[in-house]
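What follows is one structure encoded as structure tokens, with my remarks underneath.
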Amino acid sequence: MLYALYYPQAIKPENIIYPHTSAQPFQFTIERMRHYMGAWHSVTAVLFPDYLFFDCEKEAVEEAKGKLEEQLNRDKEIKQQLPIVLIPAELSDVLQDLSDEQHHIPMSKGIIRDGLAHVTEGPLIGYDNRIIRIDRHKRLAWLKYSDAVIKDFAKDSTSVLVAGLEITERVS
């Protein structure tokens, strides 16, 4: 099962010691393009910056949560708790399908034919029908991972996921 632990970066010290448990935390990252110094460069961005993910049973997540809360609250008077969220099955399946072993979603390439996006390279192949928006300038695509109009696990977001997509050609 895929779980997320809400752990805002604002409270995340740089020297955090992740607990040695059977479940190691990770974050999903995407490859995207940024334009600076007159050229386009490939950069890695964290997909859900305020969350640590665990792919394990709930008991292991509870153990990791306890150790992280202990570190976080070591010198504080007001103790802070970190909520655990079970990732919806639809999102979990899409994330596992798109990402590699390092939980990274590489850049995809595609074309626009008759007003519709067709992915030709990368992990988004087969997800053409889920693309709801493309920003050709920023080289990003928004994918709908669920048909239900529900709030997903991340605060104030809907069932949409962002991934890198470069449109290389427009065919009429």
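The first residue in the sequence is number 1, and the count goes up from there. The structure presented is a predicted model; accordingly, all values stated were derived computationally and were not measured.
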Considering all heavy atoms, the nearest Gly164-Leu140 contact: CA-CD2, 4.2 Å

Taking every heavy atom of Val46 against every heavy atom of Pro49, the minimum-distance pair comes out as CG1-CA, 3.6 Å

Taking only residues two or more places apart in sequence or in another chain, which ones pass side-chain contact (heavy atoms from CB on, under 4.5 Å) with Glu169? Ile111, Val171

In sequence, state the C-alpha distance, the side-chain angles, and the governing distance for Tyr127 and Leu98, and then conclude on side-chain contact (heavy atoms from CB on, under 4.5 Å). CA-CA 10 Å; Tyr127 285 87; Leu98 293 178; 3.6 Å; yes

With sequence neighbours excluded, residues passing salt bridge (Lys or Arg N to Asp or Glu O under 4.0 Å) with Arg139: Glu166

From Thr120 OG1 over to Leu165 CG, what is the distance, rounded to the nearest 0.5 angstrom? 8.5 Å

Distance (rounded to the nearest 0.5 Å) between Asn129 CG and Leu143 CG: 9.5 Å

State the CZ-CD1 distance between Arg32 and Ile105, to the nearest 0.5 angstrom. 13.0 Å

Applying side-chain contact (heavy atoms from CB on, under 4.5 Å), run through Gln96 and Leu2 and close with a yes or a no. CA-CA 10 Å; Gln96 300 287 356; Leu2 188 61; 4.1 Å; yes

Partners of Ile132 by side-chain contact (heavy atoms from CB on, under 4.5 Å), sequence neighbours excluded? Trp142, Lys144, Val160

Pairs satisfying side chain to side chain donor-acceptor pair (under 3.5 Å), at least one member in residues 34-43, at least two apart: Glu31-Ser42

Quick test of your reading: applying side chain to side chain donor-acceptor pair (under 3.5 Å), list the pairs with at least one residue in residues 104-113, sequence neighbours left out, ordered by first then second residue. Thr29-His104

Minimum heavy-atom distance between Val61 and Cys56, given as atom pair plus value: CG2-SG, 3.3 Å

Residues that Phe28 engages under ring pair (Phe, Tyr, Trp, His ring centres under 6.0 Å), provided they are two or more places apart: Phe26, Phe53, His103

Heavy-atom side-chain proximity of Pro106 to Pro123 below 4.5 angstrom: yes

Applying side-chain contact (heavy atoms from CB on, under 4.5 Å) to Ala89 and not counting sequence neighbours gives none

hydrophobic_cluster_shared for Leu91 and Tyr6, side chain cutoff 4.5 Å: yes

If you round to the nearest 0.5 Å, how far is CZ of Phe54 from CD1 of Ile87? 11.5 Å

Check whether Gln27 reaches the backbone of Tyr51 with its side chain - one donor and one acceptor, N or O, closer than 3.5 Å. yes

Going hydrophobic residue to hydrophobic residue with side-chain gaps under 4.5 angstrom, can you get from Leu47 over to Met33? no

Single-linkage hydrophobic cluster, 4.5 Å side-chain cutoff, Phe48 and Val43 together: no

Can you list every salt bridge (charged side-chain N to carboxylate O under 4.0 Å, His left out) pair that touches residues 122-137, not counting sequence neighbours? none

If you measure from CG on Asp97 to CG on Leu124, what distance do you get to the nearest 0.5 Å? 10.0 Å

ILVMFWY cluster, Ile167 and Met107 together (side-chain gap under 4.5 Å): no

Spatial distance of atom OG (Ser92) from atom CG (Leu86) [nearest 0.5 Å]: 8.0 Å

